[in-house]
Amino acid sequence: MCGRYAASRSPEDLVEEVVATGLPVAPVAATDRAALRPSFNVAPQQQVAVLVAPRPPEGGGDAPDPAARLRALRWGLVPSWAKDPAVGNRMINARVETVTGKPAYRSLVGSRRCVLPADGWYEWQAVPKERSGTGKARKQPFFMAPPDGGLLGLAGLYSWWRVPDVADPDDPAAWLGTVTVLTTDAEPGLRAVHDRMPVVLPAEHWRRWLDRDVPGPEALALLADLPTGRVVPRPVQPAVGNVRNDSPALLAPPAAEELVGVVDPTTGELFA
DNA sequence: CCAGACGTTGTT
DNA sequence: GTCTGG
DNA sequence: CCAGACGTTGTT
DNA sequence: GTCTGG
C-alpha cells in the first residue's frame, strides 16, 4: 500500500499552501529546512515533511502557540521503548481498523497525530505472467493523485523521544522523531491497482486531527466516511521502483508496450 | 512467572 | 527466502 | 514500496 | 511500555 509517494513542494511552498487552507503554520526551522528536500520518490527510512500540532504551552498558564509546525521526521515508526531502531523498517504503515489495539501505535492515537503533505502516492499493480506478453510476472506502478495537482494530507502518527545514549540534548542525534502512515481499504476507483490506500484527510479536518485536546476516539471518527474520487490513478514509469530515480519524468505515461496485461483501473479492462 | 514481540503487504 | 538500503 | 544483497579478515 | 505465548 503506501510505501512510496511524491512530495515535490518546497517547505516554503508547503507552508504557504497549508496556511491558505486556514491552518496557521510556523516558519520552518533552519535545522529542518535542510532535511525537507522536495522529492518525486519518497521512500521509507527517509526524512519526510510532517505537519504536527502546535507547541503545547510551556511552563504554566501561557497560551499555546496556535501555529502548527512542519517538521522533518524519519518514515518508519520507532516506539520509545525500542532497543533497536531497526523496528522502524517494518512500521511504515498502521491499519486504521486496528491501530487502537496495537502496542506499537495505541499510545500515539491520543496525542501524536500528524499530517504528511503529499502530491500523490504510488501503488504497484501485479501483472500475472500469463497476461504480460513476456511471460514474466511484472509490476506496473501507478500514481494516485488529484488531477488538478492539489495538495494531499496523509493521516499519520509519530513518535518523538530522547535517545538516552546521547548526553548532549542539543545534539541532533539526541532526539529520534519517526512517523507512520495510516492505511485503510482502497476506495472503489483504486481497487484494480491495490486493495489498500493511505488515509487521505481533507484540509478542513487537519486542524482537529492535529489538536492534542481532541481525544483519540473523536479524532479517529474524523477518518470515517471520508470523501472519495478526489484521487485518480494513472500509470507511470517503472523506473519509479528504484528510489535513486527522482525526477518529474517518473510521472510520464509509459509506452503502450509497457502496459501489456495491465488493467486500466478506470475501466476494469486491459489497456489496449 | 519470564521471554519475546511490538507491523503490513502480498503470494504461491 | 528474508533482510537491509534507499 | 522496490532493488539488491545474502561474508570475513584486516587495513587505512 | 504492554501484551502474547509458552
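Sequence lines set the chain letters: A, B, ... in the order given, protein chains first and strands last, and positions in each chain run from 1. Everything quoted here is computed from the prediction, not taken from an experiment.
- dG6(C) sits 38 Å from dC2(B) when the C1' atoms are compared, rounded to a whole Å.
- Considering only side-chain N and O atoms, R90(A) lies nowhere under 4.0 angstrom from the phosphate OP1 or OP2 of dT4(C).
- Whole-Å rounding puts the W81(A) CH2 to dT4(E) C1' distance at 13 Å.
- When rounded to the nearest whole Å, the span between CG of L108(A) and C1' of dG1(E) equals 12 Å.
- The residue A86(A) sits apart from the nucleic acid: no heavy atom pair falls under 4.0 Å.
- Taking a cutoff of 4.0 Å between a charged side-chain nitrogen and a carboxylate oxygen, R33(A) and E12(A) qualify as a salt bridge.
- The same atom, P, is picked in dT2(C) and in dA5(B); the two are 15 Å apart, to the nearest Å.
- Across dC1(D) and dT12(B), the matching P atoms stand 15 Å from one another, rounded to whole Å.
- Taking atom CH2 of residue W75(A) and atom C1' of nucleotide dC1(D), one finds them 7 Å apart after rounding to whole Å.
- Side-chain atoms of A104(A) lie closest to dG7(B) of the nucleotides dG7(B), dT8(B), dG6(C).
- Salt-bridge check for K139(A) with E258(A): failed, with every basic side-chain N at 4.0 Å or more from each acidic carboxylate O.
- dG4(B) and dT9(D) are spaced 26 Å apart, taking the P atom of each and rounding to whole Å.
- Pairing each heavy atom of E123(A) with each of V193(A), the nearest pair is CB-CG1, 3.6 Å.
- T98(A) comes within contact range of the sugar-phosphate backbone alone, with a heavy-atom separation under 4.0 Å but no base atom that close.
- Rounded to an integer number of Å, the gap from D195(A) CG to dT11(B) P is 10 Å.
- Under the 4.5 Å side-chain criterion, counting only non-hydrogen atoms from C-beta, V78(A) is not in contact with M91(A).
- Residue contacts shown for A82(A) are absent, as no nucleic acid heavy atom lies under 4.0 Å away.
- OP1 or OP2 of dG7(B) has not a single side-chain nitrogen or oxygen of T183(A) nearer than 4.0 Å.
- Counting any heavy atom pair closer than 4.0 Å across all strands shown, Y5(A) reaches no nucleic acid atom.
- Counting non-hydrogen atoms under 4.0 angstrom, N41(A) reaches nothing in the nucleic acid.
- Per the stacking criterion (ring centres < 5.5 Å, plane angle < 30°), W124(A) does not stack onto the base of dC2(D).
- The side-chain tip of R71(A) points at the ring of W160(A) from less than 6.0 angstrom away and within 45° of straight on.
- The phosphate of dT9(B) has OP1 or OP2 within less than 4.0 Å of a side-chain N or O from R196(A).
- Each of N89(A) and A137(A) was assigned the nucleotide of DNA chain B with the nearest heavy atom; the assignment lying further toward the 5' end belongs to N89(A).
- Straight-line distance from the CD atom of Q45(A) to the P atom of dG6(C): 11 Å, rounded to whole Å.
- Atom CD of Q47(A) is separated from atom C1' of dG6(C) by 13 Å (rounded to the nearest Å).
- Going from atom CH2 of W121(A) over to atom P of dT9(B) covers 14 Å, rounded to whole Å.
- Per the geometry, CE belonging to M91(A) stands 17 Å off C1' belonging to dC1(D), to the nearest Å.
- Checking R196(A) against T183(A) by side-chain atom types alone, a donor-acceptor pair falls below 3.5 Å.
- At distances below 3.5 Å, not a single donor-acceptor pair connects side-chain atoms of Y105(A) with backbone N or O atoms of V96(A).
- For K102(A), counting side-chain heavy atoms from C-beta on, the closest listed nucleotide (dG4(D), dG7(B), dC2(D)) is dG7(B).
- Residue R95(A) places at least one side-chain N or O closer than 4.0 Å to OP1 or OP2 of dT9(B).
- You'll find that the side chain of N93(A) is closest to dT8(B), out of dT8(B), dG4(D), dG6(C).
- Across the P atoms, dC3(C) and dG7(D) are found 12 Å apart, a figure rounded to whole Å.
- With a cut-off of 3.5 Å on both pairing distances, the Watson-Crick or G-U wobble partner of dG1(E) is dC6(B).
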